[in-house]
Amino acid sequence: MTETTRIPFAVPDIGPDEVAAVTRVLESGWLTTGPETKAFEREFAAKVGATHAVALNSCTAALHLALEAIGVGPSDEVIVPTLTFAATAEVVRYLGAKPVLVDVLPGDHQVDPSRVAAAVSDRTKAVVPVHFGGQACELAALREIAEYHHLRVIEDAAHALPASYRGAPIGAQADVACFSFYATKTITTGEGGMAVTCDPELEDRMRIMSLHGISRDAWKRYTASGSWRYDIIAPGFKYNMADMAAAVGRVQLGRADAMRERREAIAHRYLESLSGHEAFEPLSVRADGHHAWHLFVIKVRNEAWSIGRDALIDALKEAGVGTSVHFIPLHCHSYYRDMYGYAPGDFPVAHDVFERSLSLPIYSSMTDAQVGRVLDVILDLAARHRR
Ligand SMILES: *Cc1c(COP(=O)(O)O)cnc(C)c1O
């Protein structure tokens, strides 16, 4: 198999405008946080319907700062779905608090609101739902639970740009929503993230803590209008975004809807061929919002497969099709097992979903021929390995 026929799992969609934007910043002489980052923040907030946005060097940083800003500390608990990436829970540990894991729903792999309600204790400070795969989780139910118990909802929106829920973009009306611009995500700056909020106090705290705990707009002190004076109000972090990255992000943000439309077309082709197939179970799709289609996840029906999920992944790899698994549940990892005594059977839905699911390639630069080839390979394998 040649490199040209291999279909990687993820490919960033970088064009000449992104290259020109980086060149412009490099030639400007201002490389770190500056005017490009400020413009990216403004444009991003407008795009998702939030009033404030803080550009950062990762979504992990955004989640960390959001939890810090709402005052999470060592005696607190934060509720997190077990079916997520490392970042969602590790930031709770950064602050010395306890991540309380909960199970997900079998249809769309979103956090189960009834499990969240059951996990609330008098130490619970926040819930961090994940918009799994780019589709909105059940935000209304979560907000109701949060309001009743005086909790904050910090949204892990790493997959969810652009996405919407009941007519509102993900990010609008959020306590804080955290987006990722990692290389494989729906828009990229190489590495990067954004925390959006409509609460000016949270914005203020996150901005200060993103840059050493130095009081407001410290970067201005290097410019003509700035002063050399600054004050450290807390031991902050070094999480700011550089202008080189922001310049790429601005171009990508402008292309976000077009790239989503292309992913949606790919998803529809996958759904046409795979829904109703005896061997596969795609995730359910909500009718009340836009799906960002960051991931296209299917579950194998073991009744119809003689080879199982792991062997299917190997066979697809052999045929030149890259796939991935989202995610190995947190409670199955040694740190969470050892630290909190979790066992694989503790969250039966997440465990079942993990054992049967795989994610197919879905990105805007995928050609129709590549999508067709993924389907040919997978349908052929299903026909050859049916029980
Ligand atoms: C990618 C990802 C993150 C972390 O994003 P970074 O920008 O790499 O820090 C957080 N949560 C989820 C669910 C992710 O997939």
Side-chain angles (χ1 to χ4, degrees), residues 10-15 17-18 37 39-63 65-66 84-85 87-88 110 128-137 139 153-198 241 245-267 285-286 288-297 326 359 362-365:
V11 179
D13 188 344
I14 299 295
D17 291 350
E18 284 84 348
T37 306
F40 187 32
E41 288 174 341
R42 260 196 321 276
E43 290 158 8
F44 196 93
K47 171 84 187 157
V48 303
T51 51
H52 305 284
V54 183
L56 302 161
N57 57 16
S58 72
C59 176
T60 308
L63 290 163
L65 292 176
T84 186
F85 185 58
T88 322
Q110 305 291 351
V128 187
V130 176
H131 300 297
F132 183 92
Q135 177 159 239
C137 67
L139 270 175
V153 179
I154 305 301
E155 297 169 45
D156 183 336
H159 302 175
L161 183 88
S164 68
Y165 172 78
R166 298 189 182 175
I170 294 299
Q173 300 145 25
D175 284 337
V176 184
C178 303
F179 295 86
S180 175
F181 313 133
Y182 182 67
T184 60
K185 298 284 160 68
T186 57
I187 72 168
T188 187
T189 59
E191 298 278 1
M194 190 78 76
V196 308
T197 179
C198 291
M241 176 177 279
V248 175
R250 293 179 70 194
V251 177
Q252 290 263 298
L253 185 65
R255 298 176 54 210
D257 288 325
M259 292 194 291
R260 190 199 77 84
E261 272 171 38
R262 175 63 193 148
R263 292 191 304 274
E264 185 172 58
I266 295 168
V285 178
R286 309 181 64 99
D288 60 355
H290 279 96
H291 194 318
W293 291 113
H294 168 53
L295 300 178
F296 191 91
V297 174
H326 296 89
S359 304
I362 182 165
Y363 40 91
S364 43
S365 62

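All of these numbers come straight from a predicted model, not from anything done at the bench.
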Undergrad: Looking at Lys47 and Glu43, does any basic side-chain N land under 4.0 Å from a carboxylate oxygen?
TA: no

Undergrad: When rounded to the nearest 0.5 angstrom, what distance separates CG in Asp156 from CZ in Phe179?
TA: 10.0 Å

Undergrad: Looking at Leu295, is its backbone amide N or carbonyl O close enough to the side chain of Arg263 to form a donor-acceptor pair, meaning the two atoms are under 3.5 Å apart?
TA: no

Undergrad: When the ring planes of Phe181 and Phe40 are compared, do they come out parallel, tilted or perpendicular, using 30° and 60° as the limits?
TA: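 Rings of Phe181 and Phe40: tilted, as their planes differ by 30° to 60°.
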
Undergrad: Is the distance between the ring centroids of Tyr363 and Phe296 under 6.0 Å?
TA: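 Judged by ring-centre distance (under 6.0 Å), Tyr363 and Phe296 do not meet the cut-off.
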
Undergrad: Gln135 and Arg286: which non-hydrogen atoms are nearest, and at how many Å?
TA: OE1-N, 2.7 Å

Undergrad: Within the 4.5 Å heavy-atom criterion, are Val285 and Trp293 side-chain neighbours or not?
TA: yes

Undergrad: Hey, could you give me the CG/CD1 distance between Leu63 and Ile154, rounded to the nearest 0.5 Å?
TA: 8.5 Å

Undergrad: A side-chain contact here means heavy atoms from C-beta on lying under 4.5 Å apart; do Met259 and Ile187 qualify?
TA: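 They are in contact (side-chain heavy atoms under 4.5 Å apart), so the answer is yes.
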
Undergrad: Judged by atom type as modelled, is there a donor-acceptor pair below 3.5 Å linking the side chain of Glu191 to the main-chain atoms of Asn57?
TA: no

Undergrad: On a heavy-atom basis, which atom in Cys198 and which in Gln173 lie closest, and how many Å separate them?
TA: SG-N, 4.4 Å

Undergrad: Would Phe132 and Phe85 count as a close aromatic pair, with their ring centres under 6.0 Å?
TA: no

Undergrad: Measure the OG1-CD distance between Thr188 and Gln252 for me, rounded to the nearest 0.5 Å.
TA: 6.0 Å

Undergrad: To the nearest 0.5 angstrom, please state how far the CZ atom of Arg260 sits from the NE2 atom of His290.
TA: 4.5 Å

Undergrad: Is a side-chain N or O of His159 found less than 3.5 angstrom from the main chain of Gly133, in a donor-acceptor match?
TA: yes

Undergrad: Would you say Glu41's side chain and His52's backbone share a donor-acceptor pair under 3.5 angstrom?
TA: no

Undergrad: Within the distance-only criterion (no hydrogens, no angle test), does the side chain of Ser58 pair as donor or acceptor with the backbone N or O of Ala61 below 3.5 angstrom?
TA: yes

Undergrad: As an exercise, state the distance from CZ of Phe44 to OG1 of Thr37, rounded to the nearest 0.5 Å.
TA: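 So the gap between those two atoms works out to 13.5 Å.
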
Undergrad: Please check this pair: side chain of His131 against backbone of Cys137, looking for a donor-acceptor N/O pair closer than 3.5 Å.
TA: yes

Undergrad: Is the closest side-chain heavy-atom distance between Asp175 and Thr197 below 4.5 Å?
TA: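 Sidechains of Thr197 and Asp175: no contact.
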
Undergrad: Is there a donor in the side chain of Ser365 and an acceptor in the side chain of Asp13, or the other way round, less than 3.5 Å apart?
TA: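 No, no side-chain donor-acceptor pair sits under 3.5 Å.
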
Undergrad: Under 4.5 Å between any side-chain heavy atoms of Glu264 and His291, yes or no?
TA: no

Undergrad: Does Tyr165, at its OH atom, have more than 12 non-hydrogen atoms belonging to other residues, nucleotides or ligands within less than 6.0 Å?
TA: yes

Undergrad: What are the two closest heavy atoms between Ser180 and Cys59, and how far apart are they?
TA: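 Result for this residue pair: CB-CB, 3.4 Å.
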
Undergrad: Taking all non-hydrogen atoms of both residues into account, name the closest pair between Ala157 and Ala177 and its distance.
TA: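 Here Ala157 and Ala177 meet closest at CB-CB, 4.5 Å.
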
Undergrad: Could you tell me if the side chain of Ile170 sits less than 4.5 Å from the side chain of Leu161, heavy atoms only?
TA: no

Undergrad: Quick one: closest heavy-atom pair of Ala136 and Ser164, and the distance?
TA: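 Ala136 and Ser164 have their closest heavy atoms at CB-O, 4.0 Å.
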
Undergrad: So which atom in Ala66 and which in Cys178 form the shortest heavy-atom distance, rounded to 0.1 Å?
TA: CB-SG, 4.3 Å

Undergrad: Check for a donor-acceptor pair, side chain of Thr186 on one end and backbone N or O of His294 on the other, with a separation under 3.5 Å.
TA: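 Not at all, since once roles are kept as given, no pair shorter than 3.5 Å links the two residues.
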
Undergrad: Is the shortest side-chain heavy-atom distance between Thr189 and Met241 below 4.5 Å?
TA: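 Heavy-atom side-chain distance check passes, below 4.5 Å.
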
